Structure formats: C-alpha cells, structure tokens
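Here the structure is laid out as structure tokens; the discussion comes afterwards.
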Amino acid sequence: MQKPIYFILYIFILLTISFKHGICKADDGYNLWLRYEQIQDEQYRNTCKGALNTICVLGHSPAIEVARRELERGLSGLLGTPIKTLSSLLETPAGVIVTTLKDLPNEVASQLPELMQLQKESFLIKQVKRGKVTTLYIVGKDDAGVLYGVFHLLRTIQTGGDLDDIDQLHFPKLQWRMLNHWDNLNGTVERGYAGLSIWKWDELPEKIDVRYIDYARANASIGINGVVLNNVNASPQILTPEYIEKVKALADVFRVYNIRVFLAVNFASPKVLSALQTADPLNPDVKMWWKDRIAAIYQRIPDFGGFLVKANSEGQPGPQDYGRTHADGANMLATLLKPYNGILIWRAFVYKAHNPDRVKDAYDEFKPFDGKFLPNVMLQTKNGPLDFQPKEPFSPLFGAMPHTSQIMEFQITQEYLGFSTHLVYLASLYKEVLESDTYANGEGSTVARVIDGSLQGQRLTGMAGVANIGTARNWTGHPFGQANWYAYGRLAWNHQLSAEQLAEEWIRMTLTTDTFAIVRIKAMMLNSYGYIVNYQTPLGLTVLSSVGHHYGPQPWARKSFHKADANGLGFDRSLRGSAAVAQYFPPIRDSFDNIATCPEKYIAWFHHVPWDHVMKSGRTFWEELCFSYYNGVEGVRRMQKNWEQVRHAVAPAVYSRVEKLLEIQEDEAVWWRDACLSYFNEFSKKTIPEMYEKPRYNQKDFKRKESESKSLRHYGTGYP
Ligand code: BDP
C-alpha cells in the first residue's frame with residue numbers, strides 16, 4: 001500500500017528537480033534550439049514579462065504572419081503566460097513593436113537615424129522611451145529583416161540577455177548563407193549519418209510534411225537563406241517536370257522564411273534527358289535545352305535561386321568532356337540564369353586521380369580562370385585544399401582569385417570526424433579557417449575577409465555548409481550535431497562571433513540554463529575538436545581513415561597521404577618536395593616551407609618529418625605523436641567526466657544518449673590511437689614511452705574492427 005505513495009513522491013521530486021534546472025523531461029531533441037521553455041529565473045522572467053507581454057506586429061504579408069506567430073509562440077512559452085497581441089498602434093502602448101521600415105510611422109522613424117543604414121535582410125532593434133513608457137522596436141528593412149529581428153529577440157531572452165543592452169543594428173556579413181543537402185532522390189543521403197533524407201519525394205508535391213516547416217523555422221532562426229536540395233553527385237532526374245513540381249512545393253513552404261531553393265544539376269542532363277548526343281556547353285542545341293529547362297523552372301518557381309554544379313570531379317560529367325573549360329561550362333549556365341537573377345555556383349573541388357599531390361589541383365585548375373567567370377557565378381571552394389579532413393590548412397585559392405566571387409564550403413556532416421557517433425564541435429574548425437591569414441593583400445587578409453568581399457571587393461558573397469540533417473527524430477543523430485548546424489548558420493551570418501559564444505547560446509537554448517552545467521558542457525565542446533584531431537590525425541597528418549566509408553583508422557591503406565618510412569612521416573610539400581607551398585602568398589609560404597617555422601599543427605602536412613626531429617615541447621616527433629594520440633584519448637575521458645557532472649541538468653533521454661555515445665567514442669579513440677601508433681611504429685622502430693597505458697587493441701583486433709565497420713552503409717558515390 002505504501003508503494004504508490006513513494007512512487008508519487010519520487011515523481012514529484014523528479015519534477016521539482018527538472019523544473020529547477022530548466023529541463024523538459026519530454027524533450028527528444030526535435031525542437032532543436034527553439035524549445036521556448038519557460039524562463040526559470042523568476043526575476044528575469046518578471047523583467048521580460050513587464051517589458052514584452054504586449055506586442056504589436058505591423059504589416060500584412062505571409063512572412064510577417066510567420067514572424068508574428070513565432071513571436072507569440074516564443075514569448076508565451078518563455079514568459080509562461082499568453083501574450084497580448086495588439087492589431088494597431090492606436091491601442092494601449094505595446095511593449096514590442098515589430099515592423100518593416102515601410103510600415104513604421106513617420107514620427108518614430110524620424111527618431112531613429114540608424115534606420116538610414118538598414119540594408120537588405122537587416123534590422124534595427126532598439127528601445128525607445130517616451131515619458132514613462134519604453135517600447136522595444138524591431139524594424140526590418142524588409143520582411144526577412146523582421147523575421148530575423150524576431151528570432152534575435154527570442155534568442156536574446158532564451159540566453160538570458162540584458163534587454164537594456166539590446167539596441168543594435170544587425171546585418172548579415174554574407175549575402176548567401178546556404179545549406180547543401182547531399183540527398184539522393186531515392187531517399188538516401190550521401191555521407192549522411194542521421195537517417196534518411198527529410199525530403200519525401202514520393203509524397204511531394206501533395207503532402208507537406210510538418211518537418212519542412214520546422215526545418216525552415218530552424219534555418220530562418222540562424223539566418224540561412226538558401227538551400228540546395230539534392231546531392232552534388234546529381235541525378236539528372238531532378239530536372240524533370242515531375243520533380244520540378246515537387247521542388248516547387250518545397251520552395252512554396254520555404255519562401256516565407258526567406259529561404260530560396262537551389263538545385264544541384266548534372267552537367268550531362270541534356271544528354272540523359274533528351275535525344276541530344278552531347279552536353280557540350282557551346283553547342284546551340286544544348287544551350288537551347290538548358291534555356292527551356294530554366295524557363296520552365298522559373299515559370300513554376302519565380303524566385304528560384306539557381307544551380308550548383310560539380311563538374312569534372314570524381315567521375316561527374318563536365319565541360320572538359322568536350323574540350324571546354326570550367327569557365328565555358330559555368331558561363332553558359334550563368335548566361336541563361338541571368339535574366340531571372342539566378343545564380344550559378346560552380347564547385348572548385350577537383351583533383352586528378354593519379355596526381356602525385358592532389359592538393360595542388362584545384363588551384364592549378366581554377367586560378368587561371370580568375371576574372372573569366374560571369375558576375376552571377378560563385379566559385380564554391382572547400383575550406384582546405386584536400387577534402388574536409390579533420391585538419392587542413394586553408395585552401396590557397398582563398399585570396400588568389402581577386403576577380404572571382406568565391407564562397408566557402410564547409411562540411412557540417414561529420415564524414416571524416418566520427419559520423420554522428422563522435423562529439424565534435426565544429427565551430428572551432430570553422431573559426432580557425434575563417435581567421436587564417438592568407439596575406440593576399442598583406443597582413444590581416446583573412447579568409448573571412450576574402451569571402452565577405454571586404455578584402456577584394458567581390459560582388460557576391462556566401463558560405464555553404466554540407467548539411468548533417470536527416471530523418472532522425474532529433475535531426476542530427478548525435479544531440480551535439482545540432483550545435484554544428486546552429487553554429488554554422490550563425491557564423492555564416494556573422495563570422496566574427498566566437499565559437500565560445502555560439503556554444504553558450506546553443507547550450508542555453510537547447511540543453512540547460514544551469515550555470516554549473518553550462519561551464520562543463522562548454523568546456524567539452526570547445527576542446528572536442530582538438531581531441532579528435534589528436535586521436536585521429538595529429539600534427540598535420542591526414543586521410544588515415546578507412547577507404548570508402550571513412551570511419552575507422554586504416555593508415556596501412558593510406559600510404560600515399562602519409563608517406564611513412566624509416567626516416568620519418570609526412571608529405572613533403574615544401575619547395576624541395578611537391579612545392580604545394582608555392583600556392584600560398586609570402587610570408588605564409590615561407591613559414592610553411594621551413595620545417596623550423598611551419599606551425600606544428602601542419603608539420604606533417606608540409607614536411608616529411610624525421611622521427612627524431614625536436615618539437616617545440618622538447619619531445620622528438622615520435623614522442624610528440626605518441627603524446628598527441630594519448631592526449632586525444634584522455635580528452636574524451638575528460639569529456640565523459642564532465643558529462644557525468646551535468647546529469648542533474650539535462651533531459652534524461654539526452655543525458656543517457658550522450659553518455660552512451662561518449663563510451664563508444666572513448667573506445668574508438670583508443671582504436672584510432674592503437675591502430676595508428678602500432679602501424680607507424682613499424683617504420684619508426686621506436687617504442688611508446690613507458691608512462692603511457694598499454695594498448696587496448698592489437699593487429700588482430702584492427703582487422704576484425706576494420707571488417708566489422710565495412711558493413712557501414714555510408715559510402716559516397718565519389719571519393720575512394
Ligand atoms: C568527398 C566525399 C564524397 C563527395 C565529395 C564532394 O567523400 O562523397 O561526393 O567529397 O564533395 O569528401 O563532391
């Protein structure tokens with residue numbers, strides 16, 4: 001008889017604890033960072049209530065409606081009380097007035113001189129005092145600005161921001177902030193580790209899944225304004241009338257969220273989809289085919305964004321198949337898109353299969369075309385010269401093409417970074433690249449300044465992130481994968497934000513507002529990138545991963561990348577080697593070229609480092625390698641310890657999932673460490689220093705694990 005009482009008591013205690021720490025028990029990750037849970041800090045909640053519980057949204061358009069609904073939903077959730085919505089300014093003063101510039105009453109506009117500076121998609125958020133009444137104005141240049149302003153206010157409150165400190169003009173630093181989906185039409189996702197594609201092609205256009213709307217909300221909340229729906233290894237089928245109808249249905253959903261739809265197209269489409277025998281970009285019939293197809297798309301989707309093309313790369317067709325150049329191919333399509341204000345995005349990811357040093361290929365192929373692309377072409381370049389490795393120096397193309405609009409391509413999906421099993425916070429990687437100095441126009445010529453156009457004045461600017469989203473209930477598989485989507489979008493909006501600030505925002509909005517927990521989780525996130533680099537590819541090593549699926553270690557199959565021998569380890573790209581360093585501007589070139597000045601994080605990328613080379617730490621290179629691998633594993637254990645300490649402060653389902661994933665990560669970090677060190681040891685003939693723990697795995701285990709992981713289905717169609 002006593003039992004039910006204990007049970008009720010237990011539930012009561014649990015609920016009290018979770019309420020105290022701002023945990024939603026039922027949280028399964030679906031709502032991402034838009035949970036809008038009631039603010040726990042009573043004082044802060046009351047301040048917000050006092051200031052914000054009456055809102056007035058001026059103007060009428062579908063996008064303004066969306067903004068109004070989001071504001072109501074967000075504020076009522078956060079404040080824990082229904083929000084009063086006024087329909088006109090004639091009523092009692094509103095706490096928040098949201099409007100586009102054109103609907104703002106003149107007498108207010110004249111008080112806000114900053115409004116003169118508003119540009120496309122930007123907004124001003126400002127408190128205006130009249131007598132005793134303070135009103136918070138969110139004034140967008142356009143509907144998009146209004147929507148972004150609303151999300152900004154909600155984020156400010158979700159993260160406990162000071163309303164008295166809110167006045168600011170906000171504008172995106174990049175024009176195009178895009179997600180690239182590598183989604184195939186059969187529902188699979190190339191290099192996707194969070195389930196299947198969220199696009200249900202077989203249900204479209206009739207059925208609109210609610211996920212499309214929540215996806216758009218999430219993207220709008222971080223400023224994403226363009227999505228490429230399908231894989232760069234594109235099926236020509238996407239251009240058939242049947243699929244264009246489906247694409248139109250998605251574009252109709254996304255439009256109000258200021259998201260434009262783009263498609264990846266297969267360069268051989270005319271040949272595949274019509275009776276034409278060629279896809280030669282200079283052939284008049286081929287041009288006519290594209291012209292008609294483009295007209296048909298714009299007829300259905302008037303604000304269609306444009307095309308993304310992977311050409312003559314990893315077996316994809318392209319203009320070179322017909323003796324034409326990248327510029328011929330890109331410009332043909334760009335010319336046809338131009339009347340509709342469409343954009344043509346051409347990828348710079350190319351390499352020749354048998355080139356002794358493929359990191360030089362993209363630069364060699366594209367640099368000569370600087371200035372040759374039409375103004376509505378953007379060249380999309382991966383962050384590093386190789387291929388989304390855990391750590392690469394920036395691509396030397398950044399800064400080297402002053403007359404070309406070059407946009408950044410980052411990978412959010414963790415193809416080479418432990419899929420959706422390992423916890424890695426990628427803002428650290430993105431920031432490291434963006435802040436790298438290219439020296440293109442002297443010191444301070446950062447990659448960020450190249451892509452935002454402030455260094456060389458390019459007309460079009462942007463960033464693309466290969467999405468990590470799938471049908472997993474929580475969208476990204478690993479709960480922390482959400483943080484990478486979040487941080488990517490926020491950085492595309494403003495690359496000056498710090499990885500730390502973005503981590504804190506995401507934690508507060510998604511996981512917990514408990515201060516003790518925030519500190520620990522933030523430490524996990526900010527250190528996680530360093531850890532994985534250390535237990536996978538430290539000191540400039542690269543591509544040690546399994547052939548095909550890229551998950552576990554297989555250094556014995558990757559000799560062409562690491563060049564291990566009795567003398568040392570690493571790829572000599574100095575002027576005495578492949579001379580890839582020559583693609584960088586001085587003085588970066590000279591610093592990379594010299595083993596004594598080369599940053600140690602890239603040392604084996606640019607040099608064949610002797611085993612006994614003395615590192616800055618005083619350790620030999622071999623010892624440093626051991627140190628790094630062991631340090632990476634220790635780091636994962638530190639993350640486990642931190643996580644244990646936040647159990648009280650995060651939703652139980654999320655807690656146990658991450659706990660389990662960290663266990664796997666620890667074991668796989670050890671697997672990487674043991675596999676790589678035991679393999680490199682065959683060349684160095686040096687022992688692992690005594691102070692370290694003994695390996696957990698041996699040769700037999702590596703073989704077994706390798707064949708087990710072969711069953712992973714995450715192959716791509718491109719890269720071996
Ligand atoms: C590689 C992937 C491959 C992609 C290719 C690309 O392994 O699946 O198709 O990049 O970016 O990293 O085109």
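Read the numbers this way: they start at 1 and go in the same order the structure lists the ligands and their atoms. Index from 1, following the sequence. The structure presented is a predicted model; accordingly, all values stated were derived computationally and were not measured. Because only heavy atoms are used, hydrogens play no part in the values below, and waters and symmetry mates are left out as well, while side chains stay in.
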Quiz item: Taking the six-membered ring of Phe571, is the NZ or CZ of Arg573 close enough (under 6.0 Å from the centre) and on axis enough (within 45°)?
Solution: yes
Practice problem: Can you figure out which of Arg191, Gln316, Gln380, Lys382 has its heavy atom closest to atom 10 (O) of ligand 1? | Solution: Lys382
Self-check item: Atom indices of ligand 1, in the order listed, that fall short of 4.0 Å to a heavy atom of Glu415
Solution: 1 (C), 2 (C), 7 (O), 12 (O)
Quiz item: Where does Asn233 meet ligand 1, judged by heavy-atom distances below 4.0 Å: at the side chain, the backbone, both, or neither?
Solution: side chain
Practice problem: Identify, by atom number and element, the atoms of ligand 1 in contact range of His550, meaning under 4.0 Å from any of its heavy atoms. | Solution: 7 (O)
Quiz item: Glu365 and Gln320: side chain to side chain donor-acceptor pair (under 3.5 Å), yes or no, with the steps?
Solution: CA-CA 11 Å; Glu365 260 191 59; Gln320 292 173 347; 3.2 Å; yes
Quiz item: Which atoms from ligand 1 have a heavy atom of Asp387 less than 4.0 Å away?
Solution: 1 (C), 10 (O), 12 (O)
Quiz prompt | Residue Phe349 vicinity, atoms of ligand 1 by number, heavy atom under 4.0 Å | solution = 5 (C), 6 (C), 10 (O), 11 (O), 13 (O)
Quiz prompt | Electrostatic pair Asp667:Lys705 at N-O distance under 4.0 angstrom | solution = yes
Exercise. Decide whether Gln414 and His422 meet the rule of one side-chain donor and one side-chain acceptor closer than 3.5 Å.
Key: no
Quiz item: Where does Gln411 meet ligand 1, judged by heavy-atom distances below 4.0 Å: at the side chain, the backbone, both, or neither?
Solution: neither
Quiz item: At their closest point, which heavy atom of Gln380 faces which heavy atom of Asn180, and how far apart are they?
Solution: NE2-OD1, 2.9 Å
Quiz item: What closest approach, in Å, do Lys310 and Asn233 show between heavy atoms, and which atom pair accounts for it?
Solution: NZ-OD1, 2.7 Å
